[in-house]
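Here the structure is a predicted model, which means the values were calculated and not measured. Within every chain, numbering begins at 1; the chains are lettered A, B, ... in the order of the sequence lines, protein sequences first and strands thereafter.
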Amino acid sequence: MAQEDKVRKVKVKKAKKEAAPSENLSSGDPHLKEFKKVASRNKAKSQRGQKDTKQHKVKSPKKEITDFEIDNDKRVKEEANDGDFVAEKKGKKRKLESVDCSPALSFRPKQKKKKKAPQEGKESPAPEEKKPMSEAKNKKVKKEAGEHPVTAKKKKTKEEIEASRALKIKKKEEEEQQRWRWWEEEKYEDGIKWKFLEHKGPNFPPEYQPFPDNVKFYYNGNPVKLSLAAEEVALFFAQMLDHEYTTKDVFRDNFFKDWRKEMTLEERMLITDLNKCDFGELHSMHREKVEARKNMSKEEKMVIKESNQKILEEYGYCMLDHHRERIGNFKIEPPGLFRGRGEHPKQGMLKKRLQPEDVIINCSRDSRIPQAPAGHSWKEVRHDNTVTWLASWTENVQGSCKYIMLNANSKLKGEKDWEKYEVARKLKTCVDSIRAQYHEDLKSKQMGTRQRAVALYFIDKLALRAGNEKEEGETADTVGCCSLRVEHITLHDTLDEEKCVVEFDFLGKDCIRYYNKVPVSKRVFKNLKLFMQNKQEGDDLFDRLNTAMLNKHLSSLMPGLTAKVFRTYNASMTLQQQLKELSNCSENLVEKLLSYNRANRAVAVLCNHQRAPPKTFEQSMANLQVKIASRKEQLALAKKELKQAKKEAKGNSDNKLLAVIEKKKKAVQRCEEQLLRMEVQATDREENKQIALSTSKLNYLDPRISVAWCKNMEVQLDKIYNKTQRDKFAWAIDMTEPDFVF
DNA sequence: CCCCCTACTTAGAACTATCACG
DNA sequence: CGTGATAGTTCTAAGTAGGGGG
């Protein structure tokens, strides 16, 4: 248990200055002040409006910290003239020009408001800490009492249903009341993520249960009883037999190699060819199990649900600065076969079972340290409050770190999210000059600067990702902006009557294809031609640029600015614009929602958020069309009847007839409404066939835009955000006024 | 300058619960 | 009152970005 609390040092990077001085828009940082102002305004509001009995809010005077020193190590190197550009081989990029780099300003507002003393006072009295457990218990007791009447359960009647409903509502209210309104509090000083953190450690998956002897694995036609370890891995493969993965050579090879590592020497001698393996019985056993689980009785399902609930109760929450916070992924990932996306060179490799000995725990020194499962111990317990994770381990397939962190509705995540949108909003104030500058840079004498300008143009205009370098052969071959290669774009002097068209075709994150034909400015086009000169397939388009250089430059234009901010900015701006353009107050609810979805969709298209069309898509679409047709018939009929009724009533003021007319009118109206709803649904669904809205909604769209829209349009918020989303965006829902502008 | 490591966000697929409909 | 489609949740892979050390 090494107690090395790492104190993150604020790094001051050596700044190199480029020949052309960059416009520095950063000083003063008015936007972040705004951020703070909003926070306190909201605070005031809520104190006015609500009887918040909590008292975590303690105002604290702010202490300014000095800004970073800038090392003005100015070095200017002249770049060769245009004729000299030589494409360099991929992988090794030599950057000839020096790059402007302002001090590595952290974009956090904290920077401006280091405050020390009051932090202690901020925390609520210590005794509260012990509470959650007993509280939880109480709740449970209450619940049980309600659910298990002493007498027979025949009496499970209205009363009880009502009671449970009441309980639910009550719980909801309670939840609302208990919600930690962290956005009304002061932020911690630089880098400190928490003051107190206590949790139970991660939850491990159950041990492997060997399958019965009557289920056999065959090799070369002969039954073979496998050792426990080999059997477990064999089952991983057998379970996936329905999946396309298991037909791929790479997958099979990787699997077989790793499987053999788990075998005993004897097994390894015997089993040398995957094609001679017969997993049939294991596979069907697995299918039966799945089937059986599906067919379980309600009671059995209930039992499982309850035990899951118990696990959630125990492991799913932590105490963070006196608040009970939900953990996002408290379960240790179970072992299995690695499933990469796309043509992943490591697909099929064995992802090993983790032991507590692999896991590092992070928590407060003065908290109850989580107990490792019986007979085990943790790899390490540390107390680092500059990070947000509760536990971490190294995964064996890629060798990367994995973390257990809090749920999206937590303070730690929410605050970061809020900040992200504030940075994006700040970009709004200087985007014009940044655009002007990169437009200028397209003419730069320095190749690197030109490349940077073109890359920035793509990132801004097309919302491309930054495109970090990746290790070759370790992952699927995907690219982002800076890692584009010459084969990923095709230049067309004219295409479909448009000039200077760039045709993009590459695989991006998660191997999602990006295909787009975009007319670009002449200057950009000319530059691209230049960049591609003397290069061949496999060469980097931007051979003098990488994401680090790009971001360095960006952060010199505005603190906190990186490539990905453009995605956030353009996504949110698009939503706001589209909502303004598409929706209007006089629409009915269904139409408003269609408009909202369309605006959302425009963003998803911009960000290239795709999904596999649902398997049942065609079928369900056809079904819907049938329904629409029949409804249309109904409508026609209803209209006819109405006409008929009117005819009969002509010149006749018999009340009865009039009533009939009214009735028919209503029927027609109802029919029309339903028809409209279905037609809208059909349109929406068709337009959404291959587009995933949720990613942008969750990660790119400032929720305040949506909240404000709902208020202005008089649309219930739960029409656009489900429970999870409302939880995640609680801060925005609470603070946003109808006049919010991104 | 380059490479590696850490920490955190973003991403679509798979799985599960719920709801509408016959 | 079951069933199938849809909505919501979980899972974990795949990105971004910045630090740090050689």
Side-chain angles (χ1 to χ4, degrees), chain A residues 6 8-14 16 91-95 98-99 104 106-107 193 243 290 293-294 301 304-305 308 328-334 336 338-342 344 346-347 351 360 362 384 386-389 392 394-395 397-403 405-408 412-413 416-417 420 465-471 474-476 478-483 507-512 546-552 554-555 560-565 567-568 607-612 614-617 619-621 623-624 627 681 685 692 694-696 698-700 721-725:
Chain A
K6 277 183 210 159
R8 183 166 294 173
K9 285 171 282 174
V10 181
K11 295 267 302 187
V12 180
K13 278 230 174 166
K14 259 202 182 169
K16 280 191 237 151
K92 281 243 169 83
K93 297 178 185 180
R94 205 151 41 91
K95 311 291 150 35
S98 23
V99 177
S106 137
F107 66 104
K193 304 294 169 54
H243 205 289
V290 170
R293 214 171 37 152
K294 223 166 64 188
K301 281 183 182 168
I304 290 180
K305 203 174 165 186
N308 283 338
N329 56 329
F330 58 91
K331 286 180 179 160
I332 289 283
E333 294 174 16
F338 177 79
R339 305 150 84 116
R341 307 269 167 84
H344 197 115
K346 299 199 169 183
Q347 64 189 106
K351 193 168 93 173
I360 302 172
N362 190 35
D384 181 356
T386 65
V387 294
T388 64
W389 52 268
S392 74
T394 305
E395 165 262 7
V397 175
Q398 318 232 53
S400 61
C401 260
K402 297 234 176 172
Y403 302 91
M405 288 183 187
L406 295 188
N407 191 273
L412 250 27
K413 296 288 186 189
K416 203 83 189 294
D417 210 35
K420 172 181 77 186
R465 294 190 186 80
N468 284 326
E469 281 113 311
K470 313 187 355 175
E471 214 168 326
E474 295 291 299
T475 59
T478 61
V479 298
C481 185
C482 293
S483 50
L507 295 182
K509 182 179 180 180
D510 293 310
C511 284
I512 298 295
N546 62 33
T547 52
M549 299 162 69
L550 180 66
N551 283 335
K552 231 180 199 177
L554 288 175
S555 73
L561 186 61
T562 63
K564 106 186 169 80
V565 177
R567 244 166 107 80
T568 311
C607 294
N608 200 39
H609 291 142
Q610 299 188 18
R611 60 166 187 175
K615 278 167 232 131
T616 53
F617 185 86
Q619 186 55 53
S620 73
M621 211 58 200
N623 288 349
L624 191 57
K627 269 199 213 162
Q681 195 185 4
R685 213 190 285 173
S694 60
T695 304
S696 48
L698 237 44
N699 300 301
Y700 288 103
Y721 284 150
N722 65 34
K723 177 84 173 74
T724 313
Q725 292 164 161

Strictly below 4.0 Å: does A:Arg685 bring a side-chain N or O up to OP1 or OP2 of C:dT6? yes
Spacing of A:Leu412 atom CG relative to B:dC8 atom C1', expressed in whole Å: 11 Å
Separation of B:dC3 P from A:Lys470 NZ (nearest whole Å): 17 Å
Nearest whole Å is fine: how far is C:dG18 C1' from A:Leu561 CG? 15 Å
Within-4.5 Å side-chain heavy-atom neighbours: A:Asn308 and A:Lys305: no
Between A:Lys301 and A:Ala612, which residue's closest nucleotide on DNA chain B lies nearer the 5′ terminus? A:Ala612
Phosphate OP1/OP2 of C:dG8 contacted by A:Thr724 side-chain N/O (<4.0 Å): no
To the side chain of A:Thr695, which of B:dC8, B:dT9, B:dG12 is closest? B:dG12
Counting only side-chain heavy atoms from C-beta out, which of B:dT9, B:dA14, B:dG12 sits nearest to A:His609? B:dG12
Hey, does the side chain of A:His243 come within less than 4.0 Å of B:dA13's phosphate (OP1/OP2), counting only N and O? no
If you look at every strand shown and take non-hydrogen atoms under 4.0 Å, does A:Ser392 touch a base, only sugar-phosphate, or nothing? nothing
Taking the minimum atom-to-atom distance to the side chain of A:Gln398, which one of C:dG18, C:dT12, C:dA14 wins? C:dA14
Between A:Lys413 and A:Thr388, do the side chains contain a donor N or O and an acceptor N or O under 3.5 Å apart? no
Have a look at A:Gly328 and say if it touches a base, only the backbone sugar-phosphate, or nothing, with a 4.0 Å heavy-atom cut-off. nothing
Compare the minimum distances between each of C:dT12, B:dA7, C:dA14 and the side chain of A:Val387, then state the nucleotide with the smallest one. B:dA7
What is the separation between atom CZ on A:Arg567 and atom C1' on C:dA14, rounded to the nearest whole Å? 13 Å
Taking the side chain of A:Lys564 as its heavy atoms from C-beta onward, which of B:dA14, B:dT10, C:dT9 lies nearest to it? B:dT10
What nucleotide, of B:dT16, B:dA7, C:dA13, holds the atom closest to the side chain of A:Arg341? C:dA13
Does a side-chain N or O of A:Lys402 approach OP1 or OP2 of B:dC8 to a distance below 4.0 Å, or not? no
Measure CG/A:Asp510 against P/C:dT16 and give the value in whole Å, please. 11 Å
Of the listed nucleotides B:dT9, C:dA17, B:dA13, the one nearest the side chain of A:Ala563: C:dA17
Would you say the base of B:dT9 and the side-chain of A:Lys416 have a donor-acceptor pair closer than 3.5 Å? no
Measure up the A:Trp389 and A:Tyr403 rings against each other and bin them: parallel (under 30°), tilted (30 to 60°), perpendicular (over 60°). tilted
Among C:dA13, C:dG8, B:dA11, the one nearest any side-chain atom of A:Asn722 is C:dG8
A:Thr478: which of A:Lys470, A:Lys509, A:Arg341 passes side-chain hydrogen bond (donor to acceptor under 3.5 Å, both in side chains): A:Lys470
Sorted by position of nearest nucleotide on DNA chain B, 5' first, the leading residue of A:Ser696 and A:Thr388 is A:Thr388
Given atom CG of A:Leu698 and atom C1' of B:dA11, what is their separation to the nearest angstrom? 10 Å
Base, sugar-phosphate alone, or nothing: which one does A:Lys294 contact when heavy atoms must sit under 4.0 Å apart? nothing
Report the residue (A:Gly342 or A:Lys331) whose heavy-atom-nearest nucleotide on DNA chain C is the more 5′ of the two. A:Lys331
Under 4.0 Å between a side-chain N/O of A:Thr547 and OP1 or OP2 of C:dA17, yes or no? no
Please determine whether a side-chain nitrogen or oxygen atom of A:Thr478 lies at a distance below 4.0 Å from atom OP1 or OP2 of C:dA14. no
Could you please name the option among C:dT6, C:dA14, B:dA7 that lies closest to any side-chain atom of A:Tyr403? B:dA7
Quick one: label A:Gly508 by what it contacts on the DNA or RNA (base, sugar-phosphate, nothing), any heavy atom closer than 4.0 Å. sugar-phosphate
Taking only side-chain N and O atoms of A:Asn551, does any of them lie within less than 4.0 angstrom of OP1 or OP2 on C:dA17? yes
If you only use heavy atoms from C-beta on, which nucleotide in C:dT16, B:dT10, C:dA13 is closest to the side chain of A:Lys509? B:dT10
Separation of B:dA11 P from A:Asn699 CG (nearest whole Å): 6 Å
Starting at atom CD of A:Glu474, determine the distance to atom C1' of C:dG15, rounded to an integer number of angstrom. 16 Å
